[in-house]
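Heads up: the structure comes next, in structure tokens.
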Amino acid sequence: MVPVITIDGPSGSGKGTIARRLAARLGFGMLDSGALYRLTALASQNAGLAPQAPEIVDIARYLACRFDEEGNVFLNDENVSRELRTETTGAIASQIAARPEVREALLQRQRDFAKLPGLVADGRDMGTVVFPEAPAKIFLDASAEVRADRRYKQLIENGFDASFTALVEEIRQRDERDRNRSVAPLKPAEDALVVDSSDLSIDEVEATLWRYIQDRLADRDA
């Protein structure tokens, strides 16, 4: 069986950064599941569709997308990495992700990323739905204010306008939507290690998770 490390958590918890670090350290592939939902959102925007349009299910099922080793994301061979990270696309992605039929359309596509030597998968339901048998499951969290501050700095550094107050409110609304959706709500897997990164540096989080992963993989191979 392909070893899979799942890292779930709300927006801005640091799961993407940590997933990339751990994947590189382990020599594993990486799945940014949120990018698939953002790609679906972006493609639906480009098609002029509302988040509840039935056509979005087919868009999700047949996305012509790819990821390169530098972290760039392509939609129909166009580099859309920048557009993918806007707050508008993220908000639409959160609405689309609440639709059971969209989640079902993307489920097998996500599972197909699990290939040897292994996979680090980050998202919101990696450990609870997509890879429930993963030997190591992690749930990263942080306060809404800390996550908004991280997002604010990221947007400013990339040349986007941003309001810290608006970001806090958007994050709280997204959390509420993600935690209360009827299918695959945002929550830790029962056997996940839960880490609050609010007062931890990225290096401290990585060190904590690295010890946990080594122990879990060792137990799996014993």
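Starting from 1, each residue takes its place in the sequence as its number.
The side chain to side chain contact (heavy atoms under 4.5 Å, CB included) search around Pro135 returns Leu217, Arg220, not counting sequence neighbours. Legend: residues meeting side chain to side chain contact (heavy atoms under 4.5 Å, CB included) with Asn72, ordered by chain and number and at least two apart, are Asp68, Glu70, Phe74, Asn79, Ser81. Evaluation of the salt bridge (charged side-chain N to carboxylate O under 4.0 Å, His left out) rule for Arg177 yields no partner, not counting sequence neighbours.
Using a 4.5 Å cut-off between side-chain heavy atoms of Ile, Leu, Val, Met, Phe, Trp and Tyr, with links allowed through other members, Ile213 and Phe131 fall into different hydrophobic clusters. In this structure, Val183 is not a member of the same hydrophobic cluster as Tyr37, with clusters built from ILVMFWY side-chain heavy atoms closer than 4.5 Å. Linking Ile, Leu, Val, Met, Phe, Trp and Tyr residues whenever their side-chain heavy atoms come within less than 4.5 Å leaves Leu39 and Met30 in two separate clusters. In the hydrophobic clustering of this structure, Leu200 does not group with Val146; members are Ile, Leu, Val, Met, Phe, Trp, Tyr whose side-chain heavy atoms approach within less than 4.5 Å, directly or through other members. Under the 4.5 Å side-chain contact rule for hydrophobic residues, Ile5 and Phe113 do not share a cluster.
In this structure a side-chain-to-backbone donor-acceptor pair under 3.5 Å is missing from Ser94 to Ala91. Judged by distance alone, with hydrogens and angles left aside, the side-chain atoms of Arg151 form no donor-acceptor pair with the main-chain N or O of Gly12 at under 3.5 Å. At least one donor-acceptor pair under 3.5 Å links the side chain of Lys15 to the backbone N or O of Pro10. Listed for the Arg25 side chain is no donor-acceptor partner under 3.5 Å among the backbone atoms of Trp210. A distance-only check finds no donor-acceptor pair linking the side chain of Glu104 to the backbone of Pro100 [under 3.5 Å]. Arg99 places a side-chain N or O within 3.5 Å of a backbone atom of Pro51 that can act as its donor or acceptor partner. Remark: the backbone N or O of Asp77 is not paired with any side-chain donor or acceptor of Arg66 at under 3.5 angstrom.
Tyr212 is not listed as a side-chain neighbour of Val195, based on a closest heavy-atom distance of 4.5 Å or more. Leu63 is listed as a side-chain neighbour of Arg109, based on a closest heavy-atom distance under 4.5 Å. Inter-residue side-chain proximity for Ser33 and Val130 is flagged as unmet; no heavy-atom pair is nearer than 4.5 Å. A heavy-atom distance below 4.5 Å is found between the side chains of Phe67 and Leu36. The shortest side-chain heavy-atom distance between Arg103 and Asp125 falls under the 4.5 Å cut-off. With contacts defined as side-chain heavy-atom distances shorter than 4.5 Å, the pair Phe28/Pro3 qualifies. At least one side-chain heavy atom of Ile7 sits under 4.5 Å from a side-chain heavy atom of Leu22. Residues Ile18 and Glu206 have side chains in contact (heavy-atom distance under 4.5 Å, counting atoms from C-beta outward).
Heavy-atom neighbours of Glu204 CD from other residues, nucleotides or ligands within 6.0 Å: above the threshold of 12. Atom CG of Asp161 has 12 or fewer heavy atoms from other residues, nucleotides or ligands within 6.0 Å. More than 12 non-hydrogen atoms from other residues, nucleotides or ligands lie less than 6.0 angstrom from CG of Asp58. Counting heavy atoms of neighbouring residues, nucleotides and ligands inside a 6.0 Å radius, atom CD of Glu176 does not exceed 12 of them.
Inspection of the Ser197 and Arg150 side chains reveals an N or O donor paired with an N or O acceptor under 3.5 Å. Using modelled atom types, one finds no donor on one side chain facing an acceptor on the other under 3.5 Å when comparing Gln108 with Arg111. A donor atom on one side chain and an acceptor atom on the other are found under 3.5 Å apart for Ser198 and Asp196. Inspection of the Glu83 and Thr89 side chains reveals no N or O donor paired with an N or O acceptor under 3.5 Å.
By the 4.5 Å side-chain criterion applied to Ile, Leu, Val, Met, Phe, Trp and Tyr, Ile171 is assigned to no cluster and stands alone. Through direct or relayed side-chain contacts under 4.5 Å between Ile, Leu, Val, Met, Phe, Trp and Tyr, Ile156 connects to Tyr152, Leu155, Phe160, Phe164, Leu167, Val168. The hydrophobic cluster containing Phe139 also includes Leu186, Val194, under a criterion of side-chain heavy atoms closer than 4.5 Å among ILVMFWY residues, counted directly or through chains of members.
Shortest non-hydrogen contact noted between Ala60 and Leu106 is O-CD2, 3.4 Å.
Atom CD of Gln45 sits about 11.5 Å away from atom OG1 of Thr40, to the nearest 0.5 Å. Separating the OG atom in Ser44 from the CD1 atom in Ile96 is a distance of 4.0 Å, to the nearest 0.5 Å. Considering CZ of Arg211 and CD of Gln214, their distance stands at 11.0 Å, rounded to 0.5 Å. Taken from OG1 in Thr6 to CZ in Arg124, the straight-line distance is 14.5 Å, to the nearest 0.5 Å.
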Quiz item: Can you check salt bridge (charged side-chain N to carboxylate O under 4.0 Å, His left out) on Lys153 and Asp149, steps first, answer last?
Solution: CA-CA 6 Å; Lys153 291 175 180 175; Asp149 183 61; 3.2 Å; yes
Practice problem: Quick one: do Arg147 and Asp175 satisfy salt bridge (charged side-chain N to carboxylate O under 4.0 Å, His left out)? Show the steps, please. | Solution: CA-CA 11 Å; Arg147 290 186 282 131; Asp175 287 351; 2.5 Å; yes
Quiz item: So Thr17 and Val205, side-chain contact (heavy atoms from CB on, under 4.5 Å) or not? Walk me through it.
Solution: CA-CA 10 Å; Thr17 300; Val205 173; over 6 Å; no
Exercise. Run the numbers on Leu193 and Arg216 for side-chain contact (heavy atoms from CB on, under 4.5 Å), then give the verdict.
Key: CA-CA 11 Å; Leu193 172 68; Arg216 294 298 296 159; over 6 Å; no
Quiz item: How far apart are the C-alpha atoms of Lys137 and Met126, what are their side-chain angles, what is the distance that settles it, and do they pass the side-chain contact (heavy atoms from CB on, under 4.5 Å) test?
Solution: CA-CA 8 Å; Lys137 301 175 185 176; Met126 296 296 99; over 6 Å; no
Practice problem: Before giving the answer on side-chain contact (heavy atoms from CB on, under 4.5 Å), spell out for Arg172 and Glu145 the whole-Å C-alpha distance, their side-chain angles and the decisive distance to 0.1 Å. | Solution: CA-CA 9 Å; Arg172 286 176 174 160; Glu145 290 75 16; 2.3 Å; yes
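Looking at Asp122 and Arg21, no side-chain N of the basic residue comes within less than 4.0 Å of a carboxylate O on the acidic one, giving no salt bridge.
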